[in-house]
Amino acid sequence: MTTLQDSAGGPASQNKLISPARLLLLVPSEPPAPIAILSPAKRNALVACFNAGGLHKKDGAWHGPPGGKAVSGMTTADLARDGMLTVTTNHRFGSAQLTERGNWFARTLLCQGTTANSESVGFGSCSPAPTR
């Protein structure tokens, strides 16, 4: 079994695994992630991983939500090296989960509706509704 973790060289807090149920929206005090540094393939992979609660490797390709496009193994490896995914493989099977940093980038992409195709993503506002 191979596990790629904490390979980005950044602070450990950026590489902690997070729950897929974590808030989608950016909080008002949270700055948006610098998504301009991401290629279209990386953008799509992060959004697919967020929407599916992770990626899984099947028949040599990485898959997110059912019916979605397959994610390249090169893109998955690049995102792991960038500290955005934690990848675990066991022979031909594997899984990938967003790290805290990857979740931040994915939430920024979803809030701004910025996928590789510049499709609008209808998830509402990027800041939570005020609580009373």
Side-chain angles (χ1 to χ4, degrees):
M1 180 185 278
T2 304
T3 302
L4 302 175
Q5 261 180 285
D6 296 329
S7 60
S13 66
Q14 291 181 344
N15 296 322
K16 292 190 308 188
L17 287 176
I18 53 89
S19 165
R22 183 144 177 189
L23 287 176
L24 166 66
L25 306 175
L26 295 173
V27 294
S29 62
E30 184 177 28
I35 58 174
I37 66 171
L38 298 174
S39 69
K42 287 182 180 181
R43 291 176 187 212
N44 284 339
L46 287 172
V47 170
C49 190
F50 186 92
N51 288 338
L55 300 175
H56 63 277
K57 187 176 181 183
K58 180 181 173 191
D59 298 327
W62 292 89
H63 300 275
K69 289 178 64 176
V71 176
S72 160
M74 182 84 68
T75 301
T76 303
D78 286 346
L79 288 169
R81 280 189 294 272
D82 293 342
M84 295 188 204
L85 291 179
T86 297
V87 177
T88 303
T89 59
N90 184 359
H91 302 290
R92 297 180 314 165
F93 302 102
S95 67
Q97 299 294 317
L98 288 171
T99 62
E100 188 173 324
R101 182 172 191 252
N103 183 272
W104 176 46
F105 273 81
R107 289 183 295 120
T108 300
L109 287 164
L110 290 169
C111 280
Q112 295 185 3
T114 313
T115 62
N117 302 333
S118 297
E119 298 169 356
S120 176
V121 181
F123 286 103
S125 169
C126 287
S127 60
T131 56
R132 295 183 187 240

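When a residue number appears, it is its place in the shown sequence, counting from 1.
The heavy-atom pair separating T99 from G83 by the smallest distance is OG1-O, 2.6 Å. Of all non-hydrogen atoms in A45 and T75, the two that sit nearest each other are CB-CG2, 3.9 Å. Across every non-hydrogen atom of P65 and A48, the tightest pair is CD-O, 3.4 Å. Closest approach of R101 to M84, counting heavy atoms only: NH1-CE, 3.5 Å. Heavy-atom minimum distance, C49 versus A96: SG-O, 3.9 Å.
Under the 4.5 Å side-chain heavy-atom criterion for Ile, Leu, Val, Met, Phe, Trp and Tyr, W62 and M74 are members of distinct hydrophobic clusters.
Contact annotation: the side chain of V87 never approaches that of L79 to less than 4.5 Å [non-hydrogen atoms, C-beta and beyond]. A 4.5 Å side-chain heavy-atom check between W104 and L26 finds at least one atom pair inside the cut-off. Two residues are said to be in side-chain contact when any heavy atoms from C-beta on lie closer than 4.5 Å; L109 and L38 meet this criterion. The shortest side-chain heavy-atom distance between I35 and Q112 falls under the 4.5 Å cut-off.
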Report the C-alpha distance between L98 and L46 in whole Å, list the side-chain angles of each, state the deciding distance to 0.1 Å, and finish with yes or no for side-chain contact (heavy atoms from CB on, under 4.5 Å). CA-CA 8 Å; L98 288 171; L46 287 172; 3.6 Å; yes
Is there a side-chain contact (heavy atoms from CB on, under 4.5 Å) between K57 and T76 once you walk through the steps? CA-CA 10 Å; K57 187 176 181 183; T76 303; over 6 Å; no
Go through the steps for D78 and K42 under the test side-chain contact (heavy atoms from CB on, under 4.5 Å), then give the verdict. CA-CA 8 Å; D78 286 346; K42 287 182 180 181; 3.7 Å; yes
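For the atom pair CG (N103) and OG1 (T108), the distance works out to 9.0 Å, reported to the nearest 0.5 Å.
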